2 protein chains.
Amino acid sequence: MAASVNDKRGREGAPSGASPRRGEQTRALIVDTAVRLFAEHGYDQTTMRRVASDAGVSLGNAYYYFGSKEHLVEAFYDRLQAEIRAAAVPAIAGERDFATRLRTALHAAVDVMTPYHGFAGKLIKTATDPASPVSPFSEQSAPAREASIGLFREVVADSTTRLDARLRDELPELLWLGHMGITLYWVHDTSPGQRRTRLLIDRATPLVGRLVELTRLRVLRNVTHEVLELVRALRA
Amino acid sequence: MAASVNDKRGREGAPSGASPRRGEQTRALIVDTAVRLFAEHGYDQTTMRRVASDAGVSLGNAYYYFGSKEHLVEAFYDRLQAEIRAAAVPAIAGERDFATRLRTALHAAVDVMTPYHGFAGKLIKTATDPASPVSPFSEQSAPAREASIGLFREVVADSTTRLDARLRDELPELLWLGHMGITLYWVHDTSPGQRRTRLLIDRATPLVGRLVELTRLRVLRNVTHEVLELVRALRA
DNA sequence: GTCTATAGCAAGATAGAC
DNA sequence: GTCTATCTTGCTATAGAC
């Protein structure tokens, strides 16, 4: 029909060829399919062939958009981060106590991740490879990492807890590191409903709150600053 | 020749078939070959077909001894642990200061691992998968883990540093966890010769030593014991 | 129990045509 | 951008020799 021909006209300046949107649509379609299959059947069961055929594209086309299966994991990871942020930010909005804000944010993260617990082992396996673009420490995942650290920056920023100025600067990144550790524990947590991870969060966050306050004591101030200096040196 | 027929007679009681040693020899030959190829060409480049042919055995035979490529990694890991212990124990023998013993042991571990830095990324990738038998937290690697914790038990045991009794019990396992963390850092360390990891060890161990002593202060005693209780709760 | 040879599958990845 | 065909490799299976 004539109308459908008109529909294909791009709104952008480039008049040549197909709509510049089509690529993005195909890309999103592949990610959607992959994320669904990851959750339903796990990582190994989700073959690239299956993703492609379920998405209605050829295998080669899937590889045109995602250079490897790991790149699909990367896309999945980005979505997860966004979901965690979307859940955590409103959850801590009313609270002012630092330890409580931290606890709430961490529980929100676990809530979001729970449906993927079975698949998370493979996810983290890919993430730990330094050569992988998905590695949380890699150059390529810097945006996702910064976004994640940003959440902890907010946890710290809006809390009423009094903090040493230098610690306040470094704390978000340290909390993010702690979050990585909790995630690692969660992946290995075989208790029903990952109860142990919940226990860890509930009991560790008040301790972190107390320790952070203790750093203001004279006996601990020196050692605290040395730890912070070391952290800075390791990053440079 | 008649002599060679005689050579085949086993020394053990079982008179049937070939020498009982033969299997172990083949097994060792395959591991030797795999470790060498891992170091020379990395993990992905080292195919099972290549390991088998370089070792002079058939592919089927390699799989007879090692159920999967990951099992080769496991064997490699066991060797590494033994080598680390063999290097660390004599290195700390004369020293009595806790922080110095810890530092020396950690440097010894890095020394042993250095030739494999390029390949370590893949190693740790396999190790992080909770489903893998190579996971340092898995049931199957309990012997290797215990051996590794044992090294830190020795670091603590023969030191003159005065320690809270409860902390003394838990410290070896906590130090082992720290060692896992350092290893993770080392794997991601792209500085020449992994200088940053050396810096981390040199500067973190005195801090650990001071912090351990500080836990004996009255202000910190409570929070210390709560941390230790949490650690126990998470293990149970 | 140890080992070879060989065939073949499944799935990640690539090449080249359209 | 999209497809089909093909390659590679981890892994399995089988049948048989010693």
Side-chain angles (χ1 to χ4, degrees), chain A residues 8 10 12 14 16-31 33-34 37-38 41-75 122 125-126 129 131-134, chain B residues 4-5 7-10 12-31 33-34 37-38 41-75 122 125-126 129 131-134:
Chain A
K8 291 217 168 178
E12 263 80 58
S16 66
S19 158
R21 280 270 167 67
R22 212 165 99 228
E24 279 311 308
Q25 276 175 20
T26 308
R27 181 183 213 90
L29 180 62
I30 294 169
V31 179
T33 309
L37 290 175
F38 282 156
H41 308 293
Y43 185 74
D44 286 338
Q45 298 298 318
T46 303
T47 67
M48 290 297 281
R49 282 166 177 82
R50 181 74 191 278
V51 170
S53 80
D54 273 33
V57 301
S58 71
L59 178 64
N61 200 15
Y63 273 103
Y64 174 80
Y65 286 102
F66 298 92
S68 77
K69 200 174 172 182
E70 295 198 348
H71 284 79
L72 280 175
V73 176
E74 191 182 8
K122 299 293 175 171
K125 182 180 166 172
T126 329
D129 183 355
S132 165
V134 198
Chain B
S4 72
V5 172
D7 288 351
K8 290 217 169 180
R9 291 238 191 106
E12 263 80 56
S16 66
S19 157
R21 281 268 169 69
R22 213 166 101 226
E24 279 312 307
Q25 275 175 21
T26 307
R27 182 185 213 89
L29 179 63
I30 294 169
V31 180
T33 309
L37 290 175
F38 283 156
H41 308 292
Y43 184 75
D44 285 339
Q45 298 298 318
T46 303
T47 66
M48 289 299 279
R49 284 168 175 82
R50 180 73 192 279
V51 171
S53 81
D54 272 35
V57 301
S58 70
L59 178 64
N61 199 15
Y63 273 104
Y64 175 79
Y65 285 102
F66 298 94
S68 77
K69 199 175 171 181
E70 294 200 348
H71 283 78
L72 280 174
V73 176
E74 193 183 5
K122 298 293 175 173
K125 182 179 166 173
T126 328
D129 183 355
S132 164
V134 198

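In what follows, chains are A, B, ... by sequence order, proteins preceding strands, each numbered from 1. Keep in mind it's a predicted model, so treat the numbers as computed, not measured. Side chains included, hydrogens not; waters and symmetry mates left out as well; all remaining heavy atoms used.
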Minimal non-hydrogen separation, B:K122 against B:D44, with atom names: NZ-OD2, 3.1 Å
Without hydrogens or angle criteria, can the side chains of A:S132 and A:E70 be said to hold a donor-acceptor pair below 3.5 Å? yes
Note, A:R50 side chain near A:T33 side chain (heavy atom, < 4.5 Å): no
Counting only side-chain nitrogens and oxygens, does A:T26 get under 4.0 Å of the OP1 or OP2 atom of D:dT2? yes
Could you pull out all residues at least two apart from B:F38 that satisfy ring-ring contact (aromatic ring centres under 6.0 Å, His included)? B:Y43, B:F119
What's the closest nucleotide to the side chain of A:V57 if the choices are D:dC3, C:dT4, C:dC3? D:dC3
Taking the side chain as every heavy atom from C-beta outward, state whether A:L72 and A:I30 have any atom pair closer than 4.5 Å. yes
Across the strands shown, which category fits A:Y65 at heavy-atom distances under 4.0 angstrom: base, sugar-phosphate, nothing? sugar-phosphate
Tell me, for nucleotides 6-12 of chain D in 5' to 3' order, what letter each nucleotide earns: B for a base near a protein heavy atom under 4.0 Å, S for only sugar-phosphate near one, - for neither? ---BBBB
On the six-membered ring of B:Y64, is B:R27 placed so that its NZ or CZ lies under 6.0 angstrom from the centre and within 45° of the ring axis? no
To the nearest Å, give me how far apart CG (A:L29) and C1' (D:dG1) are. 14 Å
It should be established whether B:N61 places a side-chain nitrogen or oxygen under 4.0 Å from OP1 or OP2 of nucleotide C:dT2. no
C:dC3, OP1 or OP2 - any side-chain N/O from B:Y64 closer than 4.0 Å? no
D:dT2 OP1/OP2 closer than 4.0 Å to side-chain N/O of A:R22: yes
